[in-house]
Each structure stands twice: as structure tokens, then as C-alpha cells.
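Each remark here refers to the structure printed beneath this line.
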Amino acid sequence: MICKKCCKKAIIEYPYPMCDQHFRDYYLRTIQKTIEKYNMFNKEDKILVAVSGGKDSSALVYALYELGYEFEGLYINLEIPNYSEHSENAVKELFKLIDYRINIIRVSDYNIRVSPIYKRPICSVCGAIKRYLMNRFAYENGFTVLATAHNLVDEAAFFLMNMNSGQIQYLIKQEPVLPKENKFVKKVKPLYFITERENMVYSVINKLPVYYGECPNSSGNPQSKWKQILYKIESENPGFIRNFINSMLKLKKYINYPEKKGEIFCCKYCGYPTGSRSRICSFCRLQKYFNNSKKA
Ligand SMILES: [Zn+2]
Ligand SMILES: [Zn+2]
């Protein structure tokens, strides 16, 4: 297979055959177009990029660097044995390569740990901790934008999962941009139209220091099942995942969301917003749980 633009050997087939150089152009152009179309940020913004050491967030960091944006990174060390130390090393190497500042925090600094509690699966506890800490770090340090590496396949899997469970209220969160609100910093997803495979290829051609090991807890992640289903459809209908998300975005325009969203309260421990009537956010609830279990 040869590149559609220059007849060199193609390294990727979809959306059309491209050589490494033309793929790189396509990849950066797609991200830049997404940033502009959704008004994600401009060069005056103080941008924080959440990184994990994996291919998606490493690709995001390097792409924003190549596009000329200035930003800082945030790595949350989740202290998962045989995993977190490798990913932290990959992140440090990446930021050394581009010579940008990386901020590192550890979950134990907040008296918390990633483990299953009550009937909550471990990935849901982990997700809640990450979402809370990313936002709090960004807010407390004056960042105007928080960028995450959610990609096209993450969004499609999340959509399928919620259609299956009937939790259609989460559809409101499936936007490339979530505006600033209360103590929630503006959140953006520059890789919204980029596939996992494209992030992988971009990481490889740029020889990025990526930790390819899988999180030991990931087998319990409900989203991975939906990703497998999506890949199966994609293999028989190339381009399906991209079309699926574009259709979802079109469909969303016809939905009338209720004017009044659920009431928001202020957490009595940390002061951050929570939807819980008890006025204790889920992060502080986790903190309390681990403090009590320590004493017991
Ligand atoms: Zn080419
Ligand atoms: Zn709280």
C-alpha cells in the first residue's frame, strides 16, 4: 500500500493511506482543527495537561508541543504496585525531552489509595480520584484549561456503555469541551477525533518514551469490553467509530436538556462542588473511609 499523497510506503490505512510524514501532518492538523473549532484554548491560556505515561496522553503532550503551545503537565501517581513507578519514569523522560514543567502528586499525600471499596469497582474509585485531583490541582494553581487525552474510542465506548445501562444523562458530558463552572476548571479533549491507533502510530514514529504496560486493574474496567465490540465492528466496517461519534454529536443537537440541572452543593470538608445532598463530595467520602479503616 502506498501513500495517497506522495507514493511512499503507507504506514496507516485510514482515513486514507499515508506515509509517516503525511500521517504526522494529518494528525497535527486534525488536533489543531479540533482546538480551533471548539474554541478549546489559545496561546494566552494557562494550560494543564493531565498525563499518565501511556500512549494517548504522551501523544497529546508531544502534539501540543509540536503545535507550539506552552503548558505544564500533571501526573498523579496512583501508587499501583509494578505500574505507577514505570509510568512516572516515562512521564519524567517525556517532559525532559520537551523541557516543559511536570507537576507530580501522589495519592498518599491526600491520605487516599486506589482500592475497591463497598461495592464500587476499583476503576470507578480510581476515576473519581483522578477527576477530583486533576480539577483541584488546576483550580488551586490558576490554570484556565485542563486538557485530557480522551480519544475517539474512549468516547464511543462510554456512549455504548451508557446506552446499554440507560444512563443517558451522561450524554451531556460527551462534549469536546466542558465549560468552566463554579470551581470546575474548563475541560477540553483535543484528541476527541483521534483514534487510539493513531496515537500509537504518532508515539512510535516520534519515538516517545511511553510506558506500554497495562494497568494491573484494567481487566475489571467495564469500558474495555465495549472497546472490543467497537473494534470488531470497525474491522468489518472501517471508519465506523469515527462515523458513530459524528452521528452522536449530530443527534445530541436535537436533545433538549432540562434548564435546571441537579442542585449543586458545596462539600463541607473541601469546599469543592458536589451533587450530594449530604454535602460530602465523593473524594472526601473516600478519604473518610480510608482514615476510619486505618484506625480500625
Ligand atoms: Zn506521503
Ligand atoms: Zn470534598
Side-chain angles (χ1 to χ4, degrees), residues 1-33 48 50 59 62-63 66-67 74 76 78-79 105-118 120 122 124-143 146 173 178 180-185 187 194-195 197-207 238-239 261-295:
M1 203 183 18
I2 53 165
C3 174
K4 194 179 143 190
K5 300 221 164 157
C6 72
C7 298
K8 261 171 65 184
K9 187 173 174 283
I11 55 158
I12 194 159
E13 261 177 83
Y14 297 104
Y16 52 85
M18 285 175 269
C19 68
D20 49 1
Q21 187 53 45
H22 283 111
F23 167 73
R24 189 182 159 274
D25 295 348
Y26 154 83
Y27 183 87
L28 294 176
R29 199 170 57 238
T30 306
I31 295 174
Q32 180 60 30
K33 272 201 315 214
L48 182 69
Y62 202 70
E66 285 209 282
L67 288 167
L74 172 66
I76 301 172
L78 298 158
E79 296 169 323
I105 57 177
R106 308 182 73 83
V107 282
S108 56
D109 296 340
Y110 295 85
N111 295 316
I112 216 162
R113 61 176 190 271
V114 176
S115 72
I117 69 160
Y118 307 118
R120 258 181 103 168
I122 190 160
S124 123
V125 173
C126 183
I129 293 174
K130 281 192 285 192
R131 276 192 300 276
Y132 177 90
L133 287 177
M134 281 188 300
N135 180 67
R136 181 162 153 183
F137 185 89
Y139 185 83
E140 285 177 356
N141 292 284
F143 289 93
L146 170 64
K173 294 191 178 176
L178 294 172
K180 170 185 160 48
E181 196 183 356
N182 200 315
K183 279 186 173 178
F184 290 121
V185 173
K187 273 199 217 122
I194 298 281
T195 65
R197 187 172 149 67
E198 289 166 343
N199 289 333
M200 169 75 92
V201 172
Y202 181 74
S203 299
V204 170
I205 60 176
N206 287 297
K207 300 188 178 71
K261 280 185 268 169
E263 216 174 328
I264 293 292
F265 305 96
C266 196
C267 172
K268 62 183 172 190
Y269 295 108
C270 70
Y272 279 82
T274 172
S276 166
R277 292 200 165 269
S278 64
R279 291 176 166 73
I280 307 176
C281 75
S282 60
F283 186 83
C284 289
R285 213 186 302 252
L286 284 170
Q287 255 180 347
K288 263 179 77 177
Y289 173 85
F290 288 120
N291 273 337
N292 289 341
S293 64
K294 224 185 277 170
K295 276 177 225 149

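Being a predicted model, the structure only gives us computed values, none of them experimental. Ligands are counted one by one from 1 in listed order, and the atoms in each one are counted from 1 as well. Residue numbers count from 1 along this sequence.
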| request: Could you grab the angle centred on the Zn ion (ligand 1), going from SG in C19 to SG in C6, to 10°? | output: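 About 110° at the Zn ion (ligand 1).
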
| said: If the threshold is 4.0 Å, N to carboxylate O, is there a salt bridge linking R106 and E79? | reply: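 Yes, this pair counts.
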
| Are Y139 and L146 side-chain neighbours, meaning at least one heavy-atom pair lies under 4.5 Å? |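 Answer no - side chains too far apart.
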
| message | Test of geometry: compute the angle SG(C267)-the Zn ion (ligand 2)-SG(C281) and round it to 10°. | response |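 It is 110°, given to the nearest 10°.
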
| said: Only to 10 degrees, please: what angle do the SG atom of C270 and the SG atom of C284 make about the Zn ion (ligand 2)? | reply: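 Vertex the Zn ion (ligand 2), arms to SG of C284 and SG of C270: 110°.
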
| task | Looking at H22, pick out the N, O or S atom nearest to the Zn ion (ligand 1) and give its name. | result |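 The closest N, O or S atom of H22 to the Zn ion (ligand 1) is ND1.
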
| query | Does any N, O or S atom of C7, backbone or side chain, fall under 2.8 Å from the Zn ion (ligand 1)? | reply |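 No, C7 does not qualify, because none of its backbone or side-chain N, O or S atoms lies under 2.8 Å.
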
| said: Checking side chain to side chain contact (heavy atoms under 4.5 Å, CB included) between I12 and each of I205, V201, D20, which is the one that passes? | reply: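 Only match with I12 under side chain to side chain contact (heavy atoms under 4.5 Å, CB included): V201.
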
| Residue R136 excluded, over 12 heavy atoms near CZ under 6.0 Å |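 Counting neighbours around CZ of R136, more than 12 heavy atoms of other residues, nucleotides or ligands fall under 6.0 Å, so yes.
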
| request: Please lay out, stage by stage, how Q287 and C270 fare under the test side-chain contact (heavy atoms from CB on, under 4.5 Å). | output: CA-CA 11 Å; Q287 255 180 347; C270 70; over 6 Å; no

